[in-house]
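Below: one structure, written as C-alpha coordinates.
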Amino acid sequence: MSQPQPIKDASHLYEVERRAYHAERPGFRIAELQLSPRQKVPWHTHSNISDTFYVLEGQMRLFLQDPKEEVNLKPGEVYVVRPTRPHLVTNAGMNSLTFLILQGVGEYDFVPLLPAKSPAP
(Lines give C-alpha, C1' and ligand atoms only; values in the text may rest on other atoms or scores of the structure.)
Protein backbone atom coordinates (compact mmCIF):
# COMPACT_ATOMS: atom_id res chain seq x y z
CA MET A 1 0.00 0.00 0.00
CA SER A 2 1.42 3.37 -0.98
CA GLN A 3 1.84 6.29 1.38
CA PRO A 4 -0.84 9.02 1.22
CA GLN A 5 0.27 12.07 -0.71
CA PRO A 6 0.09 15.57 0.80
CA ILE A 7 -2.53 17.89 -0.70
CA LYS A 8 -2.25 21.69 -0.79
CA ASP A 9 -6.04 22.27 -0.81
CA ALA A 10 -8.27 19.66 0.85
CA SER A 11 -11.55 21.58 0.70
CA HIS A 12 -12.91 19.17 -1.91
CA LEU A 13 -12.35 16.13 0.34
CA TYR A 14 -15.02 16.89 2.94
CA GLU A 15 -18.20 18.92 3.18
CA VAL A 16 -18.78 21.73 5.67
CA GLU A 17 -21.66 24.17 6.23
CA ARG A 18 -19.30 27.13 5.87
CA ARG A 19 -15.60 27.80 5.35
CA ALA A 20 -13.94 31.23 5.55
CA TYR A 21 -10.33 32.40 5.68
CA HIS A 22 -9.58 35.35 7.96
CA ALA A 23 -5.85 35.54 7.39
CA GLU A 24 -3.66 33.79 4.89
CA ARG A 25 -0.02 34.43 4.19
CA PRO A 26 2.95 32.18 3.46
CA GLY A 27 3.53 29.96 6.46
CA PHE A 28 0.37 30.85 8.41
CA ARG A 29 -3.41 30.97 8.04
CA ILE A 30 -6.56 31.29 10.09
CA ALA A 31 -9.62 29.43 8.82
CA GLU A 32 -13.13 29.35 10.24
CA LEU A 33 -15.18 26.19 9.74
CA GLN A 34 -18.78 25.42 10.56
CA LEU A 35 -19.84 21.77 10.78
CA SER A 36 -23.36 20.39 11.02
CA PRO A 37 -23.97 17.64 13.60
CA ARG A 38 -23.35 15.03 10.86
CA GLN A 39 -20.21 16.52 9.32
CA LYS A 40 -16.55 15.87 10.15
CA VAL A 41 -13.05 16.64 9.01
CA PRO A 42 -11.66 13.17 8.14
CA TRP A 43 -8.54 11.53 9.54
CA HIS A 44 -5.48 13.42 8.39
CA THR A 45 -2.18 14.85 9.47
CA HIS A 46 0.07 17.74 8.44
CA SER A 47 3.76 17.36 7.57
CA ASN A 48 5.07 20.62 9.04
CA ILE A 49 2.35 22.67 10.69
CA SER A 50 0.37 22.46 13.91
CA ASP A 51 -3.40 22.93 14.08
CA THR A 52 -4.60 25.16 16.91
CA PHE A 53 -8.36 24.73 17.38
CA TYR A 54 -10.44 27.44 19.08
CA VAL A 55 -14.17 26.74 19.49
CA LEU A 56 -16.52 29.69 18.90
CA GLU A 57 -19.90 27.90 19.14
CA GLY A 58 -21.02 24.34 19.75
CA GLN A 59 -19.08 21.32 20.94
CA MET A 60 -16.04 19.74 19.27
CA ARG A 61 -14.76 16.22 19.69
CA LEU A 62 -11.22 15.57 18.48
CA PHE A 63 -9.92 12.05 18.04
CA LEU A 64 -6.15 11.72 17.95
CA GLN A 65 -3.55 8.99 17.47
CA ASP A 66 0.11 8.65 18.55
CA PRO A 67 -0.91 8.50 21.38
CA LYS A 68 -4.61 7.65 21.17
CA GLU A 69 -6.65 10.42 22.79
CA GLU A 70 -10.11 11.99 22.72
CA VAL A 71 -10.52 15.70 23.48
CA ASN A 72 -13.84 17.52 23.97
CA LEU A 73 -13.89 21.31 23.57
CA LYS A 74 -16.53 23.91 24.39
CA PRO A 75 -16.69 27.59 23.33
CA GLY A 76 -13.55 29.47 24.38
CA GLU A 77 -11.43 26.33 24.72
CA VAL A 78 -8.25 25.68 22.73
CA TYR A 79 -6.28 22.58 21.76
CA VAL A 80 -3.07 22.29 19.72
CA VAL A 81 -2.33 19.27 17.51
CA ARG A 82 1.37 18.97 16.74
CA PRO A 83 2.66 18.33 13.21
CA THR A 84 2.42 14.69 12.00
CA ARG A 85 -0.12 13.70 14.70
CA PRO A 86 -3.16 12.03 13.08
CA HIS A 87 -6.49 13.64 14.00
CA LEU A 88 -10.20 13.65 13.15
CA VAL A 89 -12.56 16.54 13.95
CA THR A 90 -16.24 15.91 14.69
CA ASN A 91 -19.22 17.90 15.90
CA ALA A 92 -20.14 16.53 19.35
CA GLY A 93 -23.40 18.47 19.67
CA MET A 94 -26.90 18.68 18.25
CA ASN A 95 -26.33 22.15 16.69
CA SER A 96 -23.70 23.55 14.35
CA LEU A 97 -20.08 23.68 15.51
CA THR A 98 -18.10 26.80 14.57
CA PHE A 99 -14.36 26.96 15.22
CA LEU A 100 -11.17 28.67 14.17
CA ILE A 101 -8.08 26.77 13.06
CA LEU A 102 -4.77 28.58 13.29
CA GLN A 103 -2.34 26.70 11.05
CA GLY A 104 1.39 27.28 10.95
CA VAL A 105 4.14 28.08 11.12
CA GLY A 106 5.23 26.42 7.88
CA GLU A 107 3.87 25.33 4.53
CA TYR A 108 0.31 23.97 4.75
CA ASP A 109 -0.53 20.49 3.53
CA PHE A 110 -3.26 17.95 4.29
CA VAL A 111 -2.28 14.28 4.31
CA PRO A 112 -5.42 12.10 4.21
CA LEU A 113 -5.07 8.88 6.17
CA LEU A 114 -8.08 7.01 4.79
CA PRO A 115 -9.16 6.84 1.18
CA ALA A 116 -11.74 9.47 0.29
CA LYS A 117 -15.23 8.02 -0.09
CA SER A 118 -17.11 8.57 -3.31
CA PRO A 119 -20.27 10.63 -2.99
CA ALA A 120 -23.44 8.58 -2.68
CA PRO A 121 -25.32 8.19 -6.00
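Counting from 1, the numbers follow the sequence of the chain as shown.
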For this session: Would you sort out whether Val78 and Thr52 count as a side chain to side chain contact (heavy atoms under 4.5 Å, CB included), showing the intermediate values?
Result: CA-CA 7 Å; Val78 176; Thr52 301; 3.7 Å; yes
For this session: Mind running side chain to side chain contact (heavy atoms under 4.5 Å, CB included) on Tyr108 and Arg29 for me, showing each step along the way?
Result: CA-CA 9 Å; Tyr108 172 83; Arg29 73 183 190 175; 3.0 Å; yes
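Crowding of Glu17 atom CD: a count of heavy atoms from other residues, nucleotides or ligands under 6.0 Å exceeding 12.
Evaluation of the side-chain contact (heavy atoms from CB on, under 4.5 Å) rule for Glu77 yields Leu73, Lys74 as partners, not counting sequence neighbours. Checked against side-chain contact (heavy atoms from CB on, under 4.5 Å), Asn95 has no partners two or more places apart in sequence or in another chain. Shown here are the side-chain contact (heavy atoms from CB on, under 4.5 Å) partners of Phe28, two or more places apart in sequence or in another chain: Arg25, Ile30, Leu102.
Looking at Ser50, its side chain never comes within 3.5 Å of a backbone N or O of Arg82 through a donor-acceptor pair. Side chain of Arg85 to main chain of Pro67: a donor-acceptor pair is present (N/O by atom type, distance under 3.5 Å, no hydrogens or angles). In terms of modelled atom types and a separation under 3.5 Å, the side chain of His22 and the main chain of Ala20 share no donor-acceptor contact. Ser36 contributes no side-chain N or O that, together with a main-chain N or O of Val16, makes up a donor-acceptor pair within less than 3.5 Å. Listed for the Asn91 side chain is a donor-acceptor partner under 3.5 Å among the backbone atoms of Leu35.
Of all heavy-atom pairs between Ser47 and Pro83, the closest is O-CB, 4.0 Å. Of all non-hydrogen atoms in Ala92 and Arg61, the two that sit nearest each other are CB-CB, 3.8 Å. Across every non-hydrogen atom of Val55 and Phe99, the tightest pair is CA-CB, 4.0 Å. Nearest heavy atoms, Pro37 versus Gly93: CB-O, 3.6 Å. When all heavy atoms of Pro75 and Gly58 are compared, the pair lying nearest together is CD-O, 3.2 Å.
Considering only heavy atoms from C-beta on, Leu64 stays 4.5 Å or farther from Asp66 through its side chain. When side chains are defined from C-beta on, His87 does not count as touching Glu69, because their heavy atoms never get closer than 4.5 Å. The shortest distance between side-chain heavy atoms of Glu32 and Arg19 does not fall below 4.5 Å. Residues Lys40 and Leu88 form a side-chain contact, since some pair of their non-hydrogen atoms from C-beta on lies under 4.5 Å apart. For the pair Leu97 and Gln34, the minimum side-chain heavy-atom distance is 4.5 Å or more. Taking the side chain as every heavy atom from C-beta outward, Val89 and Phe63 never approach each other to under 4.5 Å.
Interatomic distance, CG of Leu100 versus CG of Asp51, reported as 12.0 Å (0.5 Å rounding). Atom CZ of Arg18 and atom OG of Ser96 lie 9.0 Å apart (nearest 0.5 Å). If you take CE on Met60 and CG on Asn72, they are separated by 10.5 Å, rounding to the nearest 0.5 Å.
The side chain to side chain contact (heavy atoms under 4.5 Å, CB included) test with Phe53 is passed by exactly one of Val81, Val71, Val80, Leu33: Val81.
Note: the hydrophobic cluster containing Ile101 also contains Leu13 (ILVMFWY, side chain heavy atoms under 4.5 Å, direct or indirect links).
Of the N and O atoms on the side chains of Glu107 and Asn48, not one donor lies less than 3.5 Å from an acceptor on the other residue.
Relative orientation of the His44 and Phe110 rings is parallel, given thresholds of 30° and 60° on the angle between their planes.
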